[in-house]
2 protein chains.
Amino acid sequence: MSRKRSANAVTIHDVAQLAEVSPATVSKVINDVPYVSEQTRQRVLAAIDKLNYRPNVIARSLRKSHTATIGLITDDLEGVFTMAMMRSIEEVASTQGFSVFLCNSYGEMSRERAHLEVLLAKQVSGIILMSGYKVRERGAPALELGRVPVVYLYQYTTDVDVPCIIPDDLGGGALGTRHLLELGRRRIGFVNGPLHFEASQQRLIGYQQALRNHGIAFDPALVRTGKWNEQSGYELAHELMALPQPPDAIFCASDSLAAGALDALHELGLRIPQDVAVVGFDNRYFSGYQRPPLTTIALPLYEMGSLAGELLLKAIQGEPTHRVIHRVPCTLIKRLSCGAPPD
Amino acid sequence: MSRKRSANAVTIHDVAQLAEVSPATVSKVINDVPYVSEQTRQRVLAAIDKLNYRPNVIARSLRKSHTATIGLITDDLEGVFTMAMMRSIEEVASTQGFSVFLCNSYGEMSRERAHLEVLLAKQVSGIILMSGYKVRERGAPALELGRVPVVYLYQYTTDVDVPCIIPDDLGGGALGTRHLLELGRRRIGFVNGPLHFEASQQRLIGYQQALRNHGIAFDPALVRTGKWNEQSGYELAHELMALPQPPDAIFCASDSLAAGALDALHELGLRIPQDVAVVGFDNRYFSGYQRPPLTTIALPLYEMGSLAGELLLKAIQGEPTHRVIHRVPCTLIKRLSCGAPPD
DNA sequence: AGCGATTCGGAAAACGTTTAATGTCTGCAG
DNA sequence: CTGCAGACATTAAACGTTTTCCGAATCGCT
């Protein structure tokens, strides 16, 4: 009989033979193709069950040239924002019957290139290129390699016709500022990261817009820029508080900066939020563990991830893809450092 | 000509045609099979280059029944220990030419089952089942589905013949305790997590062993068990410090417990490490941000991940796999809470 | 009874590779 | 001149599906 196959490779032929039917018919019942009688259908199903048959998806893909597989290339698998996006990508993919290949490029173009090659060789139906935070822009990867849909997640580029997904940093900047304004704060300091990051620029613009909308004059002395880290936050907060008219609130463009600012304020013996309110940005893991727990602007990482997945899957299904930059809105996480009652 | 193919599907036939040679010959030069003349080899390579041909790995796998692909199913994609293990798995896989499918089961058996089915249907060469911390034991997944090698990572089960990889919690418990003993501490409190976790049991045993090896009597009054969280750490540290003979050091079985303990000690106005030294366990992200930065026992997550990858790949290459529980040693991360000079 | 439409089932050709088998040279030893 | 052993190259059969096409049977009409 068919015992010559390698170990446990039960194929559609085995099923066909057992059910006394042709492989074509078996295929039909598997794929719910009409015009197979109920009786044979049952016979085939029984055979499938008995042999514990599972279709070989590889073979299927070969014929159908559709693998139900997408590739996910990340800059930094251990990046602080990676997991959340990955989680939602995996979720939308798997609920739609897709599997996802995980690739880590370590930010090296050569590795990214290599991963792209194998993904395409493995006939993925689409690819998500994901970054975290730092790297936001770069040349187009070698998309000429194959004509599979691509979406950029948390990064973008203008030289390629591809949808990009990033957080709405401007809106986030406005959101945090508005929150402080609504709590009655009038001199709001802004501690920013390096200005060559688009995120910094956008968050600052948001801050300014919110001030303007509230009829508060923008005071350049109240904004400071440094690195993204705690040390900068510490130093710049000190600078702000040393002003002749120190601020009654500090909005930091990252939670790390905010952590440093908190240190500085504690050092000065100031009460938070009574004397100075503090709002961070990013909703990093540790922000809830600060003293006091930090009110912050959350990056919409889940939403960005699922948007990426959905966009890609639609593109795979043939929907035309435009060169759009999707800016996903940030949300406010109220904790104790701003003075408002927490969520 | 061959323009009838779907868009940009350049196949081995196209190459063959351009190079005026048979597909078989092209295949040979691709796979470095001997007996093809240098001249035709060059001609074929030129054609490949010109057409920008990439072999269709799906088709290849079909014939060779070997996909160079592994599956990774995790309990909890967002688990605190997941990323590090994932990173090293991806690394060893990709350096050996394997791709990895990422699957998240959310700890639900039905999802795990479903993922297993599609992984097997997609003909993966092997599967890693990964957990984090909490779930350590459970029934065997439906391996009868297919005969592909499996390894368990950060979880284990005894009812299946499969290699398991877990941290050496006992060794870690001993390591932290020994470190405190060597720094001269003599009354070391032990704040533990729930005892139904094997990790708790093992860490406690390690603690006891280290004491014994140093000739210090084990005092049951010095060990407390609660939950894994900060709150427990806070309360149990208070209990310990209220003892008639309070400890001069506290070893916590998790960094969360340690964070709570730190709170309690601060509240009591005690200096760390001068009055009480503290050591945590897990090397969580926030442990370096405590006041003072927490000395802790690091879980060997990278090592566990790469071990998992290597074991799986070896098994795929045919090496027989035993039912072994690999306990990977933990390491000591010296920071400021123990009194020793940091690394 | 005749006949088109509908339903069911199978034969065979794909899908893009690899590989075993086979064939054709060329050169060289006897 | 024969025979034989490489060295190259090709043919064709796999791999496990899906899918087109075709034929047979049945059904519902006139």
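Heavy-atom basis, side chains included; hydrogens, waters and symmetry copies ignored. Proteins come first, then strands; the chains are lettered A, B, ... in the order of their sequence lines, and each starts at number 1.
- Using a 4.0 Å heavy-atom criterion, one finds that A/Val33 contacts no nucleic acid atom at all.
- C/dG16 atom C1' lies 11 Å from atom CD1 of B/Ile30, rounded to whole Å.
- No hydrogens or angles were tested; on distance alone, nothing pairs the side chain of A/Arg63 with the base of D/dT17 as donor and acceptor under 3.5 Å.
- The nearest heavy atom of DNA chain D to B/Arg41 and to B/Lys64 marks one nucleotide each, and the one closer to the 5' end goes with B/Arg41.
- Rounding to whole angstrom units, CG of residue A/Asp32 and P of D/dT18 are separated by 12 Å.
- Across all strands shown, B/Ser61 has no heavy atoms under 4.0 Å from either base or sugar-phosphate atoms.
- Contact check, A/Tyr35 against C/dT7: a side-chain N or O comes under 4.0 Å of OP1 or OP2.
- One can place CD1 of A/Ile12 at 11 Å from P of D/dT19, the figure rounded to the nearest angstrom.
- Distance CD1 (B/Ile48) to C1' (C/dT17): 13 Å, rounded to an integer number of Å.
- In this structure, A/Ile58 places its CD1 atom 14 Å from P of C/dT18, rounding to the nearest Å.
- Taking only side-chain nitrogens and oxygens, A/Thr40 comes nearer than 4.0 Å to OP1 or OP2 of C/dG9.
- Taking 4.0 Å as the cut-off between side-chain N and carboxylate O, B/Glu90 and B/Arg87 do not count as a salt-bridged pair.
- Minimum atom distance to the side chain of A/Ser22 is reached by C/dG10, of the listed D/dG16, C/dG10, C/dT18.
- Heavy atoms from other residues, nucleotides or ligands lying under 6.0 Å from CD of B/Glu20 number 12 at most.
- In this structure, CD of B/Glu38 is placed 10 Å from P of D/dC8, rounded to the nearest angstrom.
- Using a 4.0 Å heavy-atom cutoff across all strands shown, A/Ser37 reaches sugar-phosphate atoms only and no base atom.
- Residues A/Lys314 and A/Glu310 are not paired through a salt bridge, judged by the lack of any N-O separation under 4.0 Å between the basic side chain and the carboxylate.
- Using cut-offs of 30° and 60° on the angle between ring planes, the pair A/Tyr154 and A/Phe81 is parallel.
- Residue contacts shown for A/Pro34 are absent, as no nucleic acid heavy atom lies under 4.0 Å away.
- In this pair, B/Phe98 and B/His66 present their aromatic rings perpendicular. The plane angle is above 60°, beyond the 30 to 60° band.
- Considering only side-chain N and O atoms, A/Ser27 lies under 4.0 angstrom from the phosphate OP1 or OP2 of D/dT18.
- Distance NE2 (A/His13) to P (D/dT18): 11 Å, rounded to an integer number of Å.
- Across all strands shown, B/Val21 has heavy atoms under 4.0 Å from sugar-phosphate atoms exclusively, and none from any base.
- Nucleotide C/dC15 holds its P atom 14 Å from the CG atom of B/Leu62, rounded to whole Å.
- Between A/Asn31 and D/dT18 there is a side-chain N or O to OP1 or OP2 distance below 4.0 Å.
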